[in-house]
Amino acid sequence: MAVTAIGVFDSGVGGLSVLKHIRAALPQHDLLYVADSGHVPYGDKSQDYIRERSLALTQFLVDEGAAVVVIACNTATAAAAAFLRERFTLPIVAMEPAVKPAVAATRSGVVGVLATVGTLESSRFAALLEQYAGSVEIVMQACPGLVEQVEAGELDSAATRVLVERYTQPLIARGADTLVLGCTHFPFLKPVIADLVGPEVRLIDTGEAVARQVVRKLPAAAKSGEAPTERFWSTGDLAAARRITSKLWGRAVAVDAP
Ligand code: DGL
């Protein structure tokens, strides 16, 4: 009997940061990951465009046998989570910037949020602030260009460091002691961010919390004794996708067109 497959999608390779937590939490399940790198970034696209892409990717994962679909993208969650839940009956796990744990963690009373324009301008994000910010000052920082650096596998290049410094420095200058990595591409930049902001600034993302939510939402399923599989697809250039996905996933993997 097959194990239950978990389908995961993102605008690109960023969702692999979430997939790692899912794999750690669920070592027995098949994982299906589709990167929409042919249409990245989502951060500056219209809601309609992101909904249309999210619908196509979710349908693909369902057709491939996913029992749960994870939107491993803050931007797609803001634009399309409700839309997808109206159209599919299977559980859809979504993600949002870690404002709640950041507000609990800050000692300076200032939290910086690094995310895409699409996430920061969404009504979902406004509602999140309304619910959890309280008296904590939330400083928002859009990060154009940073997603593209991760897509190119440039996790530590001079150009990446320049962008990270440009986006984090104003937050630190405002007194932020906690930064929310509100885009799933950004955990791959953690070493550079930590290096530039210093060890006393906390970096928080929601990958682990999302993995716990996947565990809660999984339908009960029999597990086989076979080795669980991981399959990867990309709508982008496949040679580049193989190189970057293997680098970020930590071992050589095949990547196909969906
Ligand atoms: N990984 C997406 C997110 O979490 C990315 C953004 C993009 O494509 O702009 O928001």
Side-chain angles (χ1 to χ4, degrees), residues 2-42 53-54 57-58 60-61 64-77 93-95 146-157 160 164 181-194 203 205-215 218 223-224 226-258:
V3 292
T4 307
I6 297 155
V8 180
F9 78 86
D10 177 39
S11 62
V13 292
L16 293 169
S17 67
V18 180
L19 197 70
K20 285 187 179 188
H21 288 291
I22 295 172
R23 172 47 84 220
L26 293 163
Q28 295 298 324
H29 290 75
D30 288 343
L31 302 180
L32 314 171
Y33 183 88
V34 58
D36 203 12
S37 296
H39 303 91
V40 74
Y42 281 2
R53 293 306 310 153
S54 299
L57 298 169
T58 301
F60 172 76
L61 290 167
E64 288 294 328
V68 176
V69 167
V70 182
I71 310 174
C73 177
N74 294 268
T75 313
T77 292
V93 176
M95 64 192 309
L146 221 43
V147 165
E148 288 89 331
Q149 293 302 109
V150 177
E151 286 291 313
E154 288 198 31
L155 306 184
D156 193 18
S157 69
T160 299
V164 169
L181 307 184
C183 169
T184 54
H185 283 71
F186 298 169
F188 288 116
L189 300 172
K190 242 181 179 172
V192 170
I193 298 172
L203 306 177
D205 69 84
T206 41
E208 209 176 327
V210 167
R212 283 198 298 272
Q213 181 70 352
V214 174
V215 173
L218 259 188
K223 291 170 184 149
S224 76
E226 298 158 28
T229 61
E230 288 142 12
R231 296 186 65 196
F232 300 89
W233 294 269
S234 175
T235 58
D237 176 82
L238 289 180
R242 283 178 196 126
R243 184 171 57 81
I244 311 301
T245 306
S246 299
K247 176 176 177 167
L248 299 182
W249 189 245
R251 68 177 172 81
V253 294
V255 181
D256 297 310

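Just so it is clear, the structure is predicted and the values come from calculations on it, not from any experiment.
- Counting all heavy atoms, side chain and backbone alike, Leu61 lies closest to Gly7 at CD1-C, 3.8 Å.
- Closest of all the heavy-atom pairs between Ala25 and Val215 is CB-CG2, 4.0 Å.
- In summary, the aromatic rings of Tyr33 and Trp249 are positioned with their centroids too far apart to meet the 6.0 Å limit.
- Counting only heavy atoms from C-beta outward, the side chains of Thr235 and Pro258 approach each other to under 4.5 Å.
- When all heavy atoms of Ala94 and Thr77 are compared, the pair lying nearest together is CB-CG2, 3.5 Å.
- Leu57 CG to Phe9 CZ: the interatomic distance, rounded to the nearest 0.5 Å, is 5.5 Å.
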Item checked: Derivation of the side chain to side chain contact (heavy atoms under 4.5 Å, CB included) call for Leu31 and Val8 -> CA-CA 8 Å; Leu31 302 180; Val8 180; 5.8 Å; no
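- Residues Asp10 and Val18 are not in side-chain contact: their nearest non-hydrogen atoms beyond the backbone lie 4.5 Å or more apart.
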Next item on the list: I would like to know whether Ser11 and Arg53 meet side chain to side chain contact (heavy atoms under 4.5 Å, CB included); could you show each step before the answer?
Entry: CA-CA 9 Å; Ser11 62; Arg53 293 306 310 153; over 6 Å; no
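- Between the side chain of Thr160 and the backbone N or O of Asp156, no donor-acceptor pair lies under 3.5 Å.
- Here CG of Leu26 is found 13.0 Å from NE2 of His21. Values are rounded to the nearest 0.5 Å.
- The 12-atom threshold is not exceeded at CD of Glu208, counting heavy atoms of other residues, nucleotides or ligands nearer than 6.0 Å.
- A heavy-atom distance below 4.5 Å is not found between the side chains of Val34 and Phe232.
- At a threshold of 4.5 Å between non-hydrogen side-chain atoms, the residues Phe188 and Ile244 do not count as touching.
- The two residues Leu238 and Val255 have their closest heavy-atom pair at CD2-O, 4.0 Å.
- Side-chain contact check for Val164 versus Leu146: some heavy-atom pair is nearer than 4.5 Å.
- Note: Arg23 CZ to Ile6 CD1 = 7.5 Å, rounded to the nearest 0.5 Å.
- Between the Ser17 side chain and the Thr184 main chain, a donor and an acceptor come within less than 3.5 Å of each other.
- Residues Val192 and Leu155 fail the side-chain proximity criterion, which asks for heavy atoms closer than 4.5 Å.
- Rounded to the nearest 0.5 Å, atoms CG (Leu203) and CD1 (Ile193) are 6.0 Å apart.
- One distance of note links CD of Glu230 with CG of Leu19; it measures 7.0 Å at 0.5 Å rounding.
- Residues Met95 and Ile71 are not in side-chain contact: their nearest non-hydrogen atoms beyond the backbone lie 4.5 Å or more apart.
- Of all heavy-atom pairs spanning Gly12 and Ser37, the tightest one is CA-OG, 3.4 Å.
- The CG atom of Asp205 sits 11.5 Å away from the CZ atom of Phe186 when rounded to the nearest 0.5 Å.
- Glu151 places a side-chain N or O within 3.5 Å of a backbone atom of Val13 that can act as its donor or acceptor partner.
- Under the 4.5 Å side-chain criterion, counting only non-hydrogen atoms from C-beta, Gln149 is not in contact with Leu189.
- Here the closest non-hydrogen pair linking Leu32 and Ala5 is CD1-CB, 4.0 Å.
- At distances below 3.5 Å, at least one donor-acceptor pair connects side-chain atoms of Lys20 with backbone N or O atoms of Leu248.
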